[in-house]
Q: 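Mind looking over this structure? Questions follow.
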Amino acid sequence: MSRYDPAATEPKWQAAWEAEGVFVARHDPARPKYYVLEMFPYPSGRIHMGHVRNYTMGDVIARYKASCGFSVLHPMGWDAFGMPAENAAMERGGHPKDWTYGNIADMRAQMKPLGLSIDWSREFATCDPEYYGQQQAMFLDMLQAGLVYRKSAMVNWDPVDMTVLANEQVEDGRGWRSGALVERKELTQWFFRISDVAGELLSALDGLKNWPEKVRLMQANWIGQSRGLQFAFSTVDAPDGFDRVEVYTTRPDTLMGASFCAISPDHPLAKHLERHDPEIAEFVADCRRIGTSEEALEKAEKRGMDTGIRVRHPFDTAWELPVYIANFILMDYGTGAIFGCPAHDARDFEFATKYGLPINPVFLPASSDPAGDEVPLAEAFVPPKTEPVRYVRGFAGAEIQTGEAAIAAAIDFCEANGVGRGVTNYRLRDWGLSRQRYWGCPIPVVHCPACGVVPERKENLPVRLPDDVSFDQPGNPLDRHPTWRDCACPSCGGPARRETDTMDTFVDSSWYYARFTAPRAPTPTDPAEADYWMNVDQYIGGIEHAILHLLYSRFFARAMHATGHLPAKAIEPFDALFTQGMVTHEIYMTRDAGGRPVYHLPEDVEEGRLRATGEAVEIIPSAKMSKSKKNVVDPVNIVRAFGADTARWFILSDSPPERDVEWTASGAEAAYKFLGRLWRMADEIAASDTPDDPEEDRALTRATHRAIADVTAGIEGFAFNTSVAKLYGFANTLSKSRAGCAARREAMGVMAQLLSPMVPHLAEEIWHMLGGEGLVAQARWPEADAAMLVEDEVTLPIQINGKRRGEITVPKDMPPAEIEKLALANEDVVRFLAGQPVKKLIVVPGRIINVVV
RNA sequence: GCCCGAGUGGCGGAAUGGUAGACGCAGCGGAUUCAAAAUCCGCCAUCGCAAGAUAUGUCGGUUCGAGUCCGACCUCGGGCACCA
């Protein structure tokens, strides 16, 4: 007897699929299509278990849908632009292009042995000129359609390296390489007008029924629609041109509690003052050293500086409020200026306390005594807006009303009295796409001294990145390129300069799903192909992309539709979204002589000790796999040791797909053992010649249909771990079955089919052993016969006061009245009741009986 | 700081508001073996001799009945617009 040998069988079946072209996506108008897509990888050079998990899940869906008769599109590509390639070039020399394409070749070679049902003929990388050239063409269309514009915006500036830094390159306010204090610097940059469709992106979330609720919520909060009042304070002692300060507030009902006005350090007034007042200049410069990330601003200590300027309260011109420049006011949100009401805002409270500003409550709890004295607040009073409160400094609406009602009344009152207007605002800002970097898609415009900003002609696309660049000094090599930068103006032909900024890599990933429908088309998309394949029926990826990537893609699909590159039905490109959890592993740590942690690879550790020295390791439980912590398990090693099916089976079992999964060596071995057991079962059943046994055969057939129903439900519901558990159960049932060989062969054949989306190589092997026709990958998915799933009898637990005290087994359709009688006669029940009268009897048919005493 | 999640045996986890712990790992016992590996069979939440009691991060609520619904809190994770 031979044995389960994945090293031999897996390549064999992969070759068979390849020879048959099983996974080539076919545009077949006669069949329904199904487009399954996993978020494409960044070509770091090594695949990791997170990739294996992501692509295995997609593969289960793709193979399952294919066997259900769909024409499946399941492509793969590479999110190939981005900073790591440039960092590698700076650290190790070489060219980002060589590094990237080398990594792609390596990763493709690591992925192919996994046996994924991918149509590799559609593969592309976003750094292919054929791809980014089409992206440039769309950029030009969007520019013409008014969807892109230029404006000034802040970047993190490293004054030593003279280069722009990404937020992740700023560590504690300092540049990661130079260590210099980072400054905010203004640059003119390109923006997509995503905020113009903020309301639309928000309301369309309701239609995304097959997206996780949490993702829709996160996007809704990110878009941040608010209704508020915008009005102007008139100023006292302000410089010329600043006789008014526009502010926006979502709490106009608290106007009578205002105690100061605060403006952003980037507000025009602050910028004016910094030019004339050294003290203010120093403070503003200090504020700008916090960097550009909202997180850093929020976490920084709240600080402000009194400008000496005053504003008049809109309801009482004699009432003056001081104007502060405050480090926590964002120029991008509202008008970049607010009024502070410390009594009802935690941040304003902290600020007012720090600078000795008045804290006057506008409302008190509804239950407070109207005649009572005002007691100083210990903290800001911020009840939910839906809770009624008693207004003591109200000016519109009832004395006792909810915040919501008071806000609406305040806006009406202000509008009626000529103090500002109600406006709907969004937190969502326009999408800045300029990056001062080399390894990205060049922005196809030219700056001409005579004509200004001129779009490149489409026939000159792609604007290719030059290859002759060096990374021996920081900054963008395009900026200092001797020839590429200088060009002729496409409009007047005079000397001009190319735009040296490249595009945010989020642009690349905002339309790759559309390109997969026609990856070699001479235009960004092909209308017939886009019409057939769009939308993505199932998109799968990490929750870390819940907001930015998915929101940008939703916007970009709309922009593509507006410029004629996608049909109207594709403006929401992802019909269903699934967000999977991470793959984690224990961390093994010892300490060096200085007490600093030293990490060790899993393969160097055995039973809690280092293999080499026997030294005991400290075990830190389940953390995200990362190189620096050395808790990575390389899929290549797993596939080499156990085969792809074992890696796939393990990654699907145990943990629900949306949760993190902990990789354990024992779990991987268990997966391998189980697959070996299935192999032996098939081998034994194929050779068996036991006679039929009507009763046993029938029981096995029922179990088979139960397995079909349960495994299918698991796949449909994205609960692969429960499908796996059901397959374990079915295997246990089958191995114990006394049914005849015909019935067992039948059952084992169904087993092969149910296994095929998850462990496709083994499934083919079993299918083949049993004499199945063709490839199981092309067999029709089995259907469960509903009649086979019905049980004749049910066991009902009996509870007394909600605690389980006994059970009865009754025919499935016994009337409740009879069940009641049987339940009350049950000896456990009689004993527990001990003669107590029954107050209530609840019979839930087919479920439970509860006796209340 | 703000937004969004997740917490169930020794471990991973299962459970349309209806028997908490399916299935797997580890562990324990047995079979097979000269012996071991591999394999096969059985046991396995905790406390208790038992009857039973206690158990789904903590505290409270709704319900005949709560892991599941509601409120507060704790811990861990994701995101915060130039990481991808």
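The structure presented is a predicted model; accordingly, all values stated were derived computationally and were not measured. The sequence lines fix the lettering, A, B, ..., with proteins before strands; numbering per chain opens at 1.
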Q: Please give the nucleotide sitting opposite G21(B) as a Watson-Crick or G-U wobble pair, both distances under 3.5 Å, or none.
A: none

Q: Side chain of R680(A) only, please: which of C40(B), C83(B), A22(B) is the nearest?
A: C40(B)

Q: Mind checking who A6(B) pairs with, Watson-Crick or G-U wobble, both distances under 3.5 Å?
A: U75(B)

Q: Under 4.0 Å between a side-chain N/O of K803(A) and OP1 or OP2 of U54(B), yes or no?
A: yes

Q: With F81(A), which of W99(A), W439(A), Y438(A) fulfils ring pair (Phe, Tyr, Trp, His ring centres under 6.0 Å)?
A: W439(A)

Q: Give the nucleotide from the list G18(B), G7(B), C23(B) with an atom nearest to the side chain of I842(A).
A: G18(B)

Q: Taking syn as any angle within 90 degrees of 0 and anti as the rest, which one fits G9(B)?
A: syn

Q: When both hydrogen-bonding distances must be under 3.5 Å and the geometry is Watson-Crick or G-U wobble, what is U54(B) paired with, if anything?
A: A45(B)

Q: Could you tell me whether E295(A) and K299(A) have a side-chain N and a carboxylate O separated by less than 4.0 Å?
A: yes

Q: Counting heavy atoms from C-beta on, name the nucleotide in C64(B), C82(B), C23(B) closest to the side chain of A725(A).
A: C23(B)

Q: Could you check whether D158(A) pairs with R174(A) (Lys NZ or Arg NE/NH1/NH2 to Asp/Glu carboxylate O, under 4.0 Å)?
A: no

Q: Between the side chains of R177(A) and E91(A), is the shortest nitrogen-to-carboxylate-oxygen separation below 4.0 Å, so that they form an ion pair?
A: yes

Q: Measure from the side chain of M218(A), starting at C-beta and using heavy atoms only, and say which of U16(B), G78(B), C82(B) lies closest.
A: G78(B)

Q: State the pairing partner of C40(B); accept Watson-Crick or G-U wobble contacts with both distances under 3.5 Å, and report none otherwise.
A: G30(B)

Q: Where the side chain of M83(A) is concerned, which of C83(B), A14(B), A22(B) is the nearest nucleotide?
A: C83(B)

